[in-house]
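First the proteins, then the strands, lettered A, B, ... as listed; each starts at 1.
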Amino acid sequence: MGFFSRNKQKKSGLDAKSRLKLVLYSEHQGLPPETIEQIKTDIIQVISKYVDVDIDNFDIKISPDGKLAGSNGPALQANIPIKERKIKRI
Amino acid sequence: MGEVIVVTSGKGGVGKTTTTANVGTGLAKLDKKVVLIDMDIGLRNLDVVMGLENRIVYNLVDVIEQKCKINQAFIKVKGYSNFYLLPCAQTRDKTSVSPEQMKTLTDTLKKEFDYVILDCPAGIEQGFRNAIAGADRALIVTTPEVSAVRDADRIIGLLDANEVKRYDLVVNRLRMDMVKRGEMMSAEDVLEVLSINLIGIVPDDENIVVSTNTGTPLVGSESLAGKAFMNICHRVIGEEVPFLDLNKKGNFLSKLFGKK
């Protein structure tokens, strides 16, 4: 029994390779966290001129699959919830 | 004009110093003029691995601070006409030297030597920047483990960013028994992940420990690691050498019949 179950077990060498490929992919595609943070701050600043942004739920990330954004490669995805429409008078 | 080669890895303990000692000694055996520089200021080890620890008078920091002439700091390796070690300081730290000073030093040395080989410290901070400052090419050492390979990938990125455009991979401490069982990445797996040029595969070999114990690099010996390191040396000087067949039954059989 031990013999059969051992044969079915996934070999750890394959695990190592696939985990490495994944982590390196995201490291290569990813912008440095401080840059992402800077982009986030800038976007909030711009949009806040017009509407009230729900900053707590604001999310921005690089996605390896950019199909939704119409890209064959990666895409920058931002989720920007708005609290309420705020009309600013200039 | 010679070449400045930095031996680097990111991760510690993967065999940078062993590789530096063996590749350097192998190139000297091939009648090249070679100088090794230990860049791991404060944690020097190339001297003990080379068996030269009792002959240190001056060191790299003394040379940089012009407390001695460069020839005074060289330790000549016995048995070779043109093979030296420039040890580093043990009681100082990485900030005692700047990348600019290192570049000036290696630029001078490569006029005199065929190969200037730098043993880079682990990490990607100043010690690393000092070591790569004047490098023409790099040997990136890794083992077939996720942590070492990931760090090697990071090093590749940093070498690219710092205009070290030529680098080759050494996969060290490969255990064929584990690869066969599927419990270790093969050299091919590592290459597939990193996609850079492979210059050597060194099997895990207990003779390495023995050679370190006595301070005599085993490159060129009949051991598998000795052969693997010598092959790396041939490839460094541009010769094409086939990779060792680590699957050879011979090793197993010779063990079985007690041959040496």
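A salt bridge does not link B:Arg44 with B:Asp38: none of the charged nitrogens is closer than 4.0 Å to a carboxylate oxygen. A salt bridge links B:Lys94 with B:Asp40; the closest basic N to acidic carboxylate O contact falls under 4.0 Å. Here A:Lys21 pairs with B:Glu192 in a salt bridge; the nearest charged N to carboxylate O distance falls below 4.0 Å. Remark: A:Glu27 engages B:Arg150 in a salt bridge, criterion side-chain N to carboxylate O under 4.0 Å.
Only the backbone of B:Arg181 comes within contact range of chain A, with at least one heavy atom under 4.5 Å from a heavy atom of that chain. For B:Met185, the parts lying near chain A are the backbone and the side chain together; criterion is any non-hydrogen pair under 4.5 Å.
Counting heavy-atom pairs under 4.5 Å between each of B:Val149, B:Val179, B:Asp153 and chain A puts B:Asp153 at the top.
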